[in-house]
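Just below is one structure, and these are the notes that go with it.
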Protein chains: 2
Amino acid sequence: MIDPDTRTPRERYRTQVREEIKQHAWTQIAAAGASALSVNAIAKQMGMSGPALYRYFANRDELITELVKDAYRSLADTFRTRAEAGADLGDLAHALRGWALEDPQRYFLVYGTPVPGYQAPEDTTRITSEIMAVLLDACAAEQLPDTPPSPLDPHLAEHRAWAGPHPAPPSALRRALTFWTRLHGELSLELAGHFTGMGFDPAHLYAAETEALTGR
Amino acid sequence: MIDPDTRTPRERYRTQVREEIKQHAWTQIAAAGASALSVNAIAKQMGMSGPALYRYFANRDELITELVKDAYRSLADTFRTRAEAGADLGDLAHALRGWALEDPQRYFLVYGTPVPGYQAPEDTTRITSEIMAVLLDACAAEQLPDTPPSPLDPHLAEHRAWAGPHPAPPSALRRALTFWTRLHGELSLELAGHFTGMGFDPAHLYAAETEALTGR
DNA sequence: CGCGTTCGTTATAAGTTGTAACTACCGCCG
DNA sequence: CGGCGGTAGTTACAACTTATAACGAACGCG
């Protein structure tokens, strides 16, 4: 690997400032969401005048895209780390919720409302497939004893391009997809605050969903 | 009911202009999302200068809030209409997906990324409970023959304030919640475009989830 | 040590939301 | 039917925003 820290002093300073900008951007996003992110405000917080930041990011969208990529990488890293530590599907579910609650706006940056015209850069799709690979590993590793066949299985057997060369059976593909959609459904509503005031504990609902997925 | 159309001509004109403003707002949102909604642009499209719109909406947030309320009402209406026509849980699931695909940005206006500080007005919470009431009716009406008890049930039995005075058993409460979270999970990812390029048909995944919920 | 790249600055353009002040018209009430 | 009040729409302006252009200064490499 190339170590970017041992480049020329100029580049070292450059990445350092870029990182500082992103840090301020994260705190701003955590406070008021990505739509309220202000390039000028970040510059002022850093003690320099507005247009200076455009030396480091071409425009606001590029800054946000960089944050999205970092968020993807963060999720993929936690998943991969847990998987290498021998995590099963339930552990991955637990890790996912922990990662989401750690910074809800970071979760929404990845899985929240998209801008209609926006096209995800190539990097993120590669990271997504990395995440799916970890998920497929976990799903294929522990086969449920009583896995009822689903009419969805033949369809997934024919359209498994998204799984790449992963040798998971259709039932594992289906389980990975339902893992994704169901847990995202619970998390998304919880983080958006749609459960607040309803009285029950979202953690119990999440636990019930993971139990349904892992078979206790 | 009070018929707002037969008020004074001034008020009639007022509501008419308000409706036209909201119409333009919807097309703008459908094109570029709610964050890109521009009050000035709407005014220009309607042939009047910027600040004129502030006679009809106090500010941008009030306009968006009104759109959110309309979106909630629209969803509640389709649910109620279908329920009155004798729809079962599977029909409601189908109606939900139809309503979502009809205008994805409208769906995101209700269930998308929230602004951290935003507090939903009283109206929307009332409409939400109306939606949940329809859902609970459907869940309580058709009991699944083989409903395995869940460790979530006792918790929901204790915290059922959100269900109001609805006489649904805990298993129905749990089924209504999972209906909501699971279908939202699939729809949210589908509408956000996270399935595009993966190859499989989201409709099949959605159908599989509804079948799992309704027991075929 | 000099020279070029890069950084940060100010000035400026073209937007945005929102307020203030003024005008003109519409319609209600006597 | 006429006057008067309230409402609608206008322009002007303030305070923002993103983003570009042009300039000066400093840094570091050869």
Side-chain angles (χ1 to χ4, degrees), chain A residues 2-29 31-68 109 115-118, chain B residues 4-29 31-68 109 115-118:
Chain A
I2 305 169
D3 193 341
D5 286 347
T6 61
R7 301 291 257 184
T8 98
R10 272 248 162 91
E11 286 200 18
R12 238 165 72 153
Y13 176 73
R14 185 175 178 78
T15 65
Q16 192 173 331
V17 174
R18 272 179 73 103
E19 222 55 41
E20 191 180 348
I21 292 171
K22 292 202 279 186
Q23 204 58 38
H24 284 270
W26 278 119
T27 67
Q28 263 199 26
I29 286 179
S35 64
L37 185 140
S38 164
V39 175
N40 266 336
I42 293 174
K44 284 182 187 171
Q45 280 179 11
M46 293 178 62
M48 52 184 175
S49 246
L53 286 209
Y54 289 85
R55 296 279 175 197
Y56 299 93
F57 294 93
N59 48 38
R60 204 186 97 123
D61 273 8
E62 191 188 287
L63 171 57
I64 292 183
T65 298
E66 205 64 30
L67 298 176
V68 171
L109 219 51
V115 174
Y118 183 73
Chain B
D5 286 346
T6 62
R7 302 289 260 184
T8 101
R10 272 247 163 89
E11 287 199 17
R12 237 165 71 153
Y13 176 75
R14 185 175 177 80
T15 64
Q16 192 174 330
V17 174
R18 271 178 73 103
E19 222 54 41
E20 190 179 349
I21 292 171
K22 291 202 279 186
Q23 204 58 39
H24 285 272
W26 277 119
T27 67
Q28 262 199 28
I29 286 179
S35 63
L37 185 139
S38 164
V39 176
N40 267 336
I42 293 175
K44 284 183 188 173
Q45 281 179 9
M46 293 179 63
M48 52 185 177
S49 246
L53 287 209
Y54 289 85
R55 297 279 173 193
Y56 299 94
F57 294 93
N59 48 38
R60 205 185 95 121
D61 273 9
E62 191 188 289
L63 171 57
I64 292 183
T65 298
E66 205 64 30
L67 298 176
V68 170
L109 219 50
V115 175
Y118 183 73

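Order of the sequence lines sets the chain letters (A, B, ...), proteins ahead of strands, with each chain counted from 1. In this text, all values refer to a predicted model and were calculated from it rather than measured experimentally. Just so it is clear, the values below take in all heavy atoms, side chains as well, and ignore hydrogens, waters and symmetry mates.
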Classify [X] by what it touches in the nucleic acid, base, sugar-phosphate, or nothing, heavy-atom distance under 4.0 Å.
X: B:S49; answer: base
X: A:L37; answer: sugar-phosphate
X: B:Y56; answer: sugar-phosphate

What residues form a side-chain hydrogen bond (donor to acceptor under 3.5 Å, both in side chains) with B:Q23, not counting sequence neighbours?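 Result, side-chain hydrogen bond (donor to acceptor under 3.5 Å, both in side chains) vs B:Q23: none returned.
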
Could you list by number each residue of residues 58-65 of chain A showing a heavy-atom separation from DNA chain D of less than 4.0 Å, or answer none if no residue does?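 The answer is A:N59, A:R60.
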
Rounded distance (Å) that lies between atom C1' of D:dT10 and atom OH of B:Y54: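 Distance check: B:Y54 OH to D:dT10 C1' gives 15 Å.
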
Send over the distance from A:E11 CD to C:dT6 P, rounded to a whole Å.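 Distance, rounded to whole Å: 9 Å.
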
Between B:R14 and B:R55, is there a donor-acceptor pair closer than 3.5 Å when you use the side chain of the first and the backbone of the second?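 It does hold such a pair.
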
Is the shortest side-chain heavy-atom distance between B:L37 and B:L63 below 4.5 Å?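 Of all side-chain heavy-atom pairs linking B:L63 with B:L37, at least one is under 4.5 Å.
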
Tell me which nucleotide among [options] gets nearest to the side chain of [X].
X: A:P51; options: C:dA20, D:dG5, C:dT9; result: C:dT9
X: A:K44; options: D:dC23, D:dT10, D:dT17; result: D:dT17
X: B:R10; options: C:dG27, D:dT10, C:dC7; result: C:dG27

Distance check, rounded to the nearest 0.5 Å: A:H24 atom NE2 versus A:L53 atom CG?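 One finds 9.5 Å between NE2 of A:H24 and CG of A:L53.
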
Using only side-chain N and O atoms of [X], determine if any of them is under 4.0 Å from OP1 or OP2 of [N].
X: B:R14; N: D:dT7; result: no
X: A:N40; N: D:dC16; result: no
X: B:Y13; N: D:dG6; result: no
X: B:S38; N: C:dT17; result: yes

